[in-house]
Amino acid sequence: MTNLVLSNQSLKSLLTSCITIKQALQIHAQTVVNGIHHDPFLITPLISFFAFSNSPSALHHSSLLFSQITTPDLFLYNAMIKAHSHSHAPHHALSLYKSMLASPTYPDSFTFPYLLKSCVRLFSLKLGIQVHCHVVKNGFESDVFVVNSLLNLYCVFGDTGNASKVFDESPVRDLVSYNTLINGFVEAGFASCSMRLFGEMRRFCVQPDGYTFVALLSGCSSLEDCETGKKVHCLAYKKLDSLGCNALLMNALVDMYAKCGYLEMAKRVLMSGIRSGKSVIAAWTSVMSAYARLGEVDVARRIFDQMEERDVVSWTAMINGYSCSGHFEEALELFVKLEDLGMEPDVVAVVAALSACARLGALEFGSRIHHKYAGKNWSCDQNGGFISAAVDMYAKCGCIDSALDIFCKTSDHLKTTFLYNSIISGLAHHGLGESAITLFKEMDTLGLRPDEITFVALLCACGHSGLVDDGKKLFESMLTVYGISPQMEHYGCMVDLLGRAGCLDEAYCLILTMPFKANAVIWRALLSACKIHGDIDLAKIASKELLTVEHGHGARYVMMSNMLADIDQHDEAASVREAIDNVGIRKPPGWSYVETNGALHKFMAGDNSHPEAKATEMMLWDVSRRLKSIGHVISA
DNA sequence: CTAGGGTTAG
């Protein structure tokens, strides 16, 4: 090759037609050879080429070049910030911004959207709020791109309150602003707000596009509002003559009809999608899930097997389809198959598997999954769902210590009401009422609001630990302090709590004064308390009431007959048994699982077929004898 | 602004 010396100009024009990283590296080498690598007109396009070539090593290379520039200009700063915002290390974007603030350069409207995106990718609302302050300080709140990035930031974190505030206070709004907030409302579970916003959008004559309709339909799916869904369908049909080529929209339509239970309509839209050659995996997944929810697991499985393409989402849907119908073993089997096929399960799939383990009590399997996926690059441990699923799994499998360990190691910004609910109910089931209350008090200092589930867990914890006064105080505080009106479940917990503690009259009184008609759960709780404390008169009342709300339920008869036998009312017990025979009621046998050394053992009431059934029974007898000896009262 | 699949109680 001839020793050709290229001028600055020709190198620069070469760079514009450069395609591969290798070519750009060659040009860079030339600039060094020619001693012109400090020419800003050459180095700037080189840096941005490397920055935007979507390769971690090239980005590293551009960072090196960038660091050698003494006073980078705004353009270069923005280029580097943008490149880092979608890199594997978005925090570099914020460091760059910091050094920019220390330099004579000021940010502009191009800087903030990428900073905000970095905060989103760092899962840090806190940093995002700081950047928001800088937006205000620098006067960019009226730039529509900045506004849309702010909207996205708040929506991603489910903070629709702040998102609405940004939206309301912004002098500029475009289609993207509306779409972002509409979608944010839907994802936060406020689908009705999204419908209202859509109305406003139309009044302001902002023309919706495909994304608007997809978001709205997704809202109709979650509301199971097929009426609105149909209207959106019509509107989308009229507005978009290109409806036929939008796969996303077709999928959203199918999902809406499937979730609303209009399976025939869902399949009709799906078929039209197939005819026009669209990508239909998502639509099939929706239809499949609908069948699973209806309890038709076999139909769901057939669809799953017949789908010509399956992705992680379809696998997850099938795994959950099994879980929904109580087929936890099949769910886990499918998860293992997914792993064996070399497909990388994502957080949602892992969460689904952990949940199946929790339901089965499959500790070894569950902890294997937990350890395998904690600390992966897509960061399960940054995902609130993964953490609560793991906490729940350990708690349900009897390892409250492991559950607490995970909980305590979780940093505060990842602690949510949901996670507290998981750990508190875990503590409740382990009879650790005091700890449950301690953690509950912690929520306040983190600014987390308890919800109705928190109180179910708390009251349950008090009930299992005999903390009657604490339970009463908490029940009081629900409405007076937290503005949550107690539901049937909460009254149920209170009846159980008072009943176990022997305050039978107080429990009965609560039932009579509560604002709803007591359901079977409540009467059963009272009946069970009567059994423990041997109150026959109240037991008769409770069982009479139970009969009126729950006609012909086998468990009631069995419980009643056992109870009467226990308190030496053998004649009455016999008459109840007779009633069972007369009505022909059969209580479905109780069953349970236990997992040891990776094998699952199923136990059913009255079933002695397990090879170690005799030994197990002896062990159980021993356990209950020891429980009795330390004063524990075993209820029905 | 890019569907479809998820975690807590009873």
(message) Tell me if the side-chain of D392(A) makes a donor-acceptor pair with the base of dG6(B), cut-off 3.5 Å, by modelled atom types.
(response)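 No such pair is found, so the answer is no.
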(request) Report yes if a donor N or O on one partner sits less than 3.5 Å from an acceptor N or O on the other, where the partners are the side chain of T316(A) and the base of dG5(B); otherwise report no. (result)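 Check passes, donor-acceptor contact within cut-off.
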For the pair made of [atom1] in [X] and [atom2] in [N], what is the distance, rounded to whole Å?
X       : N      : atom1 : atom2 : value
I522(A) : dA9(B) : CD1   : P     : 18 Å
R310(A) : dG5(B) : CZ    : C1'   : 15 Å
M393(A) : dG6(B) : CE    : C1'   : 15 Å
K267(A) : dG4(B) : NZ    : P     : 20 Å
R173(A) : dC1(B) : CZ    : C1'   : 17 Å

(message) Counting only side-chain nitrogens and oxygens, does K396(A) get under 4.0 Å of the OP1 or OP2 atom of dA9(B)?
(response)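 It does, given that an N or O in the side chain of K396(A) lies less than 4.0 Å from OP1 or OP2 of dA9(B).
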(request) Please state whether the phosphate of dG10(B), meaning OP1 or OP2, lies under 4.0 angstrom from any side-chain nitrogen or oxygen of H429(A). (result)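 It does, given that an N or O in the side chain of H429(A) lies less than 4.0 Å from OP1 or OP2 of dG10(B).
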(request) Return the set of residues passing side-chain hydrogen bond (donor to acceptor under 3.5 Å, both in side chains) with D470(A) (not counting sequence neighbours), or none when no residue passes. (result)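 Expected list: none.
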(request) Mind listing the residues from residues 451-463 of chain A sitting with a heavy atom below 4.0 Å of DNA chain B? Number order is fine. (result) I453(A), V456(A), C460(A)
(message) Does anything in residues 415-428 of chain A come within less than 4.0 Å of DNA chain B? Heavy atoms only, and list the residues if so.
(response) F418(A), N421(A), S422(A), S425(A)
(message) Looking at Y482(A), I'd like to know if its OH atom is crowded, meaning that more than 12 non-hydrogen atoms belonging to other residues, nucleotides or ligands lie closer than 6.0 Å.
(response) yes
So what does [X] hit on the nucleic acid, given a heavy-atom distance under 4.0 Å: a base, only sugar-phosphate, or nothing?
X       : result
I281(A) : base
V176(A) : base
V312(A) : base
D311(A) : base

(message) When you compare the side chains of E442(A) and Y420(A), does any donor N or O come within less than 3.5 Å of an acceptor on the partner?
(response)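 Indeed, the side chains of E442(A) and Y420(A) share at least one donor-acceptor pair under 3.5 Å.
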(request) Would you mind listing every salt bridge (Lys or Arg N to Asp or Glu O under 4.0 Å) that reaches into residues 404-418 of chain A, with sequence neighbours excluded? (result)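 Qualifying pairs, neighbours excluded: D405(A)-K409(A), D412(A)-K415(A).
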(request) Sequence neighbours left out, what passes side chain to side chain contact (heavy atoms under 4.5 Å, CB included) with S177(A)? Give chain and number order. (result) V144(A), N148(A), L151(A), F167(A), R173(A), D174(A)
(request) Taking side chain to side chain contact (heavy atoms under 4.5 Å, CB included) as the test, write out the residues that go with Y211(A), two or more places apart. (result) N179(A), D209(A), L248(A)
(message) On the six-membered ring of F304(A), is R310(A) placed so that its NZ or CZ lies under 6.0 angstrom from the centre and within 45° of the ring axis?
(response) yes
Among [options], find the nucleotide with the atom closest to the side chain of [X].
X       : options                 : value
Y211(A) : dT2(B), dG5(B), dG10(B) : dT2(B)
V351(A) : dG6(B), dG4(B), dC1(B)  : dG6(B)
N383(A) : dT2(B), dG5(B), dG6(B)  : dG6(B)

Please report, to 0.1 Å, the donor-acceptor pairs under 3.5 Å made by any side chain of residues 393-403 of chain A, with sequence neighbours excluded.
{"from": "Y394(A)", "atom 1": "OH", "to": "H370(A)", "atom 2": "ND1", "distance (Å)": "3.0"}
{"from": "K396(A)", "atom 1": "NZ", "to": "D392(A)", "atom 2": "OD1", "distance (Å)": "2.8"}
{"from": "K396(A)", "atom 1": "NZ", "to": "D392(A)", "atom 2": "OD2", "distance (Å)": "3.2"}

I'd like a table of donor-acceptor pairs (distance under 3.5 Å, sequence neighbours excluded) in which one partner is a side-chain atom from residues 288-297 of chain A, with atom names and distances.
{"from": "S289(A)", "atom 1": "OG", "to": "T285(A)", "atom 2": "O", "distance (Å)": "3.0"}
{"from": "Y291(A)", "atom 1": "OH", "to": "K267(A)", "atom 2": "NZ", "distance (Å)": "2.9"}

(request) Apply salt bridge (Lys or Arg N to Asp or Glu O under 4.0 Å) to D168(A) and list each qualifying residue two or more places apart in sequence or on a separate chain. (result) none
